[in-house]
Amino acid sequence: MSSVPHIDIDHVAKLARLALTPAEKEDFSRQLGDVLRHIEQLRRVDVGAVEPTAHAFPVHNVWAADEPQDGLPVAAALRNAPAQRQNMVAVPKVVE
Amino acid sequence: MADAVCFQTIAVLADRLKAGELSAVELMQAVIARTRAVDPMVKAFNTCDEADALAQARASDARRAAGQARGLLDGIPVGLKDVIAVRDQPLTASSRMLADFISPYDATVTQRLKAAGAVLWGRLNLDEFAMGSSTENSAFGPTRNPWDLTRVPGGSSGGSAAALAAGAVTATLGSDTGGSIRQPAALCGVVGLKPSYGLVSRYGLVAYASSLDQIGPFARTVEDAAILLGAIAGHDPLDSTSFRTDIPDYRAVAGAAPRPWRIGIPKEYFGEGLDSEVAEAVQRAIAFYQSVGCEIHEVSLPHTSYCLDTYYIIATAEASSNLARYDGIRYGHRSRQADDIVGLYEKSRAEGFGAEVKRRIILGTYVLSSGYYDAYYLRAQKVRTLIRQDFLQAYGQVDALLTPTSPVPAFKLGEKSDPLAMYLCDIYTIGANLAGLPAISVPCGFTRAGLPVGLQLIGRPFQEADLLAIARSYEQAHDWHRRYPTIR
């Protein structure tokens, strides 16, 4: 962490696949700067020997019987697709 | 008469349905009439399907006539926050991203409510993708507090709390990631319960922060919350974080005779920022427990001041990952302005998400990004361990912790325009999510301006039965839950 937290908004927006307007970039930079300054206080906590917690009650080795089951019918799975053709989701061309 | 029915509890209505004094169709008709009368002002419902609800009610009456009634919830109208999937019904998360989405399947809680015979009524408004504390972040407009229409109902499950408080439904479900059930329950004067993490299946819940999200009930009384919890709790193979534990008859144990509980008062929850009228109401509740023979202990949760920051790192990190699925490809909003595939992702997300969702995705992406992961995300996970240890240590000494639910009563719409000020609304509720603990908000009074105040009790992991019993002993000695708002 640097002493003056700052989000490189263009870089992060690109990572997040989010097109932001110039006004959004300015607002979010300022607002998230405030949030990051607040978050700076976490640096005061001694976490040297502390294990991280990902879940409050981790459940390990969750197995399911390998039994075939019906999935969603094609029509139901495609019902919410923005575009479809021949039982497939239609997307813009991704290869040259 | 019709309005009186709309404010009755599940427990009372179940008796009346059983006795044949009332039919499920009559009850549903009264609820529909009440919803039509009040929702243009309160705006708690995103959508509701009157024909479908009446068909469910007719089916309930037919079961009862055939001697096949399914128990207390058969014929009872239950509303769902619009992040819980109901097959063939809209599921919007109050987002433009999912404005036209129709759910292809039922959430596990939906299936369990259907199996119990409940009449599912309405898709209830929320802060978009459950991100917020006021229900102002909805793409379909804010919900208003039935006690004062110029004020917010809290959030993110504001629609679930407000619809119930307004008499437009008998009970509801919400989801709670950082306080999204308890805080609106407090601000609207109803009971709200966040179960232990893993007690209720998350299958079919629109994901926000998966290690924190839990579905739970809103109800008029602790007894009703116990009834609803009993219907939705229990292991589910479709949720791999679902926890195997015995599910008692919550209603029966909550109604058992009061015991001399040991109640802890965490001193860190009564500091700066706590409204004086909220503090007074909570102090009176502490005095009540003392007067009935409970031991009151001051305890310390030393890492409390780090809860908010820890939460906003973990929750936004998980959100940035969970919301990556909204890319305009398989479902959800697709931009018409894009020329290539990356542009399609970026523009679909830009057009589909509102400002708060974008803010949290940006923050979450940042704390997970190369060079910052250890400093923010990993450190927050370690502080989470310390926060959890604080709670577990306190439970060596006490059975439950008692705190205010929200530092302030319902605030005005538009009052908290600064994101950080809004985030501070959750300061007393976040700890239970980070530690995975069950917690309940119970009405404990009103401010001089007539706004409800809520009391929070935080219990031991998977000891919902004790938590409900402690809450019910307070409720039975008070009548705050019998007051209803005049909506104008």
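Just so it is clear, the values below take in all heavy atoms, side chains as well, and ignore hydrogens, waters and symmetry mates. Here the structure is a predicted model, which means the values were calculated and not measured.
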Open item on the list: Rounded to the nearest 0.5 Å, what separates atom CG in Leu420(B) from atom CG in Asp34(A)?
Closed with: 6.5 Å
- [ ] Determine whether Leu344(B) and Val91(A) make a side-chain contact, defined as any pair of heavy atoms from C-beta on separated by less than 4.5 Å.
- [x] no
- [ ] For chain B, find its close neighbours in residues 54-68 of chain A: heavy-atom separation under 4.5 Å, sorted by number, or none.
- [x] Ala54(A), His55(A), Ala56(A), Phe57(A), Val59(A), Val62(A)
TODO: Look at Tyr105(B), Tyr197(B), Tyr345(B) and state which one has the largest set of heavy-atom pairs under 4.5 Å with chain A.
DONE: Tyr197(B)
Open item on the list: Taking the side chain as everything from C-beta on, heavy atoms only, tell me whether Leu308(B) gets closer than 4.5 Å to His38(A).
Closed with: yes
Open item on the list: Please classify the contact between Leu18(A) and chain B as side chain, backbone, both or neither, with a heavy-atom cut-off of under 4.5 Å.
Closed with: both
Side-chain donor-acceptor pairs of residues 19-27 of chain A under 3.5 Å, sequence neighbours excluded:
from	atom 1	to	atom 2	distance (Å)
Thr21(A)	OG1	Glu24(A)	N	3.1
Glu24(A)	OE1	Thr21(A)	N	3.0
Glu24(A)	OE2	Lys358(B)	NZ	2.8
Lys25(A)	NZ	Asp10(A)	OD1	2.8

Task: Options Ser369(B), Ser242(B), Gly198(B), Pro461(B), ranked by heavy-atom pairs under 4.5 Å with chain A, top entry - done: Pro461(B)
TODO: Report the distance from atom CD1 of Ile314(B) to atom OG1 of Thr53(A), rounding to the nearest 0.5 Å.
DONE: 8.0 Å
Task: chain A interface, residue from Asn433(B), Ile102(B), Thr241(B) that has the most non-hydrogen pairs under 4.5 Å - done: Ile102(B)
Task: Part of Arg388(B) within contact of chain A (heavy atom distance under 4.5 Å) - done: side chain
- [ ] Name the member of Lys93(A), His11(A), Gln31(A) that forms the most heavy-atom pairs with chain B at distances under 4.5 Å.
- [x] Gln31(A)
- [ ] Would you check if Leu36(A) and Leu363(B) make a side-chain contact, meaning some heavy-atom pair closer than 4.5 Å?
- [x] yes
Task: Over all atoms of both residues, closest heavy-atom pair of Thr310(B) and Leu42(A) - done: OG1-CD2, 3.7 Å
Task: Shortest non-hydrogen contact from Pro52(A) toward Thr385(B) - done: C-OG1, 3.5 Å
Task: Nearest atoms (heavy-atom pairs only) where Tyr366(B) meets His6(A) - done: OH-O, 3.4 Å
Open item on the list: Between His333(B) and chain A, with a heavy-atom cut-off of 4.5 Å, which part of the residue counts as in contact: side chain, backbone, both or neither?
Closed with: neither
Task: From Arg379(B) atom CZ to Arg43(A) atom CZ, the distance as rounded to the nearest 0.5 Å - done: 8.0 Å
- [ ] Among the options Leu15(A), Val47(A), Val94(A), pick out the one with the most heavy-atom pairs lying under 4.5 Å from chain B.
- [x] Val47(A)
Open item on the list: Rounded at 0.5 Å granularity, tell me how far CG in Asp8(A) sits from OH in Tyr372(B).
Closed with: 7.5 Å
- [ ] Answer with side chain, backbone, both or neither: which region of Asp100(B) has an atom nearer than 4.5 Å to a non-hydrogen atom of chain A?
- [x] backbone
Open item on the list: Applying a heavy-atom distance below 4.5 Å, give me the residues of residues 72-81 of chain A that approach chain B, sorted by number.
Closed with: Leu72(A), Ala76(A), Arg79(A), Asn80(A), Ala81(A)
TODO: Heavy-atom pairs under 4.5 Å with chain A are the metric here; pick the option from Leu386(B), Asp340(B), Ile361(B), Leu378(B) that has the most.
DONE: Leu386(B)
- [ ] Please check if atom CZ in Arg30(A) has more than 12 non-hydrogen atoms from other residues, nucleotides or ligands closer than 6.0 Å.
- [x] yes
Task: Contacts of residues 315-322 of chain B with chain A (heavy atom under 4.5 Å) - done: none
Task: Pairwise distance CG(Leu32(A)) to CD1(Ile362(B)) - rounded to 0.5 angstrom - done: 7.5 Å
Open item on the list: I want to check something: taking the side chain as every heavy atom from C-beta on, are Tyr306(B) and Val45(A) in contact at a cut-off of under 4.5 Å?
Closed with: yes
Open item on the list: Let me confirm one number: the CZ-OG distance from Arg17(A) to Ser348(B), rounded to the nearest 0.5 Å.
Closed with: 12.5 Å
Task: Residue Pro237(B) versus chain A: region with a heavy atom under 4.5 Å - done: neither
